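Following: one structure in structure tokens, then a few remarks.
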Amino acid sequence: MPWRTDLFGDELRGGTNALRISSSLYLAFFHTSVSIHGRRVYFMGAFTFCALAPTFRLHSMHAYPIVKDTLYSGKFVNKHVMFVVFPMSLVPENGGSGSGVVGHHGKRDGDVSSVLLTFGHNDRDAYTVRFNVSEILETIVTVQSC
């Protein structure tokens, strides 16, 4: 597995819903945490998995978390937690449904070019950010082919 468990935690946990970004792939975001000086620090990363049932195999994932330094500075959350970044929801930005199926006009509905990710920060704020799907796919490591 490419995720650096030695640095960023070995228990990958839930996050966003999965969004079908093409006929063969789903995209989702997960979170994990580690203890630093007795306080938890939360990170998030992305992964893709194959759209082929029944296996839905892991296809690719980040080796390192998605980090913006301003999310990991300032006042600590509390005496047990330093910083929290938690992915919450994922929707296609370009108006597609993310279904990955060919519609009645022969046009593919589901080849998603950009997504909106909503995430929580330090258990008090929420943000929505735009990601270009091709840029995400360029930054993650392939685990196995579909």
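Residue numbers start at 1 and run along the sequence shown. Quick caveat: nothing in here was measured; it's all calculated off a predicted structure.
- A 4.5 Å side-chain heavy-atom check between Tyr72 and Val41 finds at least one atom pair inside the cut-off.
- Side-chain contact of Thr48 with Ser60: a donor-acceptor pair under 3.5 Å is present, judged by distance alone.
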Worked verdict on Val84 versus His121 for side chain to side chain contact (heavy atoms under 4.5 Å, CB included): CA-CA 5 Å; Val84 177; His121 181 242; over 6 Å; no
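- Transitive grouping of hydrophobic side chains (ILVMFWY, heavy atoms separated by less than 4.5 Å) brings Ile136 and Val67 into a common cluster.
- Scanning all heavy atoms of the two residues, the minimum distance from Met82 to Asn122 falls at O-OD1, 4.3 Å.
- Contact check for Leu117 versus Thr16: side-chain heavy atoms found under the 4.5 Å cut-off.
- When Thr118, Asn17, Thr128 are each tested for a side-chain hydrogen bond (donor to acceptor under 3.5 Å, both in side chains) with Ser89, only one passes: Thr118.
- Using a 4.5 Å heavy-atom cutoff, the side chains of Leu71 and Phe83 are not in contact.
- The backbone N or O of Lys79 lies less than 3.5 Å from a partner atom in the side chain of Arg39, making a donor-acceptor pair.
- Closest approach of Ala126 to Met88, counting heavy atoms only: CB-CE, 3.9 Å.
- With sequence neighbours left out, the side chain to side chain donor-acceptor pair (under 3.5 Å) criterion links Arg40 to Ser33.
- With 3.5 Å as the limit, one finds no donor-acceptor pair spanning the side chains of Ser145 and His59.
- Closest approach of Ser24 to Cys146, counting heavy atoms only: O-SG, 3.9 Å.
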Residue pair Phe86, His31: steps toward the ring-ring contact (aromatic ring centres under 6.0 Å, His included) verdict: CA-CA 6 Å; Phe86 186 86; His31 83 279; 4.5 Å; yes
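- Under the 4.5 Å side-chain heavy-atom criterion for grouping Ile, Leu, Val, Met, Phe, Trp and Tyr, Leu137 is not connected to Leu52 through any hydrophobic cluster.
- Counting heavy atoms from C-beta outward, Asn132 and Ser113 have side chains that stay 4.5 Å or more apart.
- No path of Ile, Leu, Val, Met, Phe, Trp and Tyr side chains, each step under 4.5 Å between heavy atoms, connects Val91 with Phe131, placing them in separate hydrophobic clusters.
- The environment of CZ in Arg57 is crowded: more than 12 heavy-atom neighbours from other residues, nucleotides or ligands sit within 6.0 Å.
- Shortest non-hydrogen contact noted between Val115 and Val112 is CG1-CG1, 3.8 Å.
- Heavy-atom minimum distance, Leu27 versus Ala46: CD1-CB, 4.1 Å.
- In this structure the side chain of Met61 never reaches within 4.5 angstrom of the side chain of Ile140, judged on heavy atoms.
- For the pair Thr32 and Glu11, the tightest heavy-atom approach, listed with the atom from each and the gap, is OG1-O, 3.1 Å.
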Stepwise ring-ring contact (aromatic ring centres under 6.0 Å, His included) test for Phe119 and Tyr42: CA-CA 12 Å; Phe119 69 93; Tyr42 289 78; over 10 Å; no
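- For the pair Ile66 and Phe43, the minimum side-chain heavy-atom distance is 4.5 Å or more.
- In the hydrophobic cluster analysis, where Ile, Leu, Val, Met, Phe, Trp and Tyr join through side-chain heavy atoms closer than 4.5 angstrom, Val141 is grouped apart from Phe49.
- Using a 4.5 Å cut-off on side-chain heavy atoms (C-beta onward), Leu12 and Phe47 make no contact.
- Leu116 and Phe30 fall into different hydrophobic clusters, defined by Ile, Leu, Val, Met, Phe, Trp and Tyr side-chain heavy atoms under 4.5 Å apart, directly or through other members.
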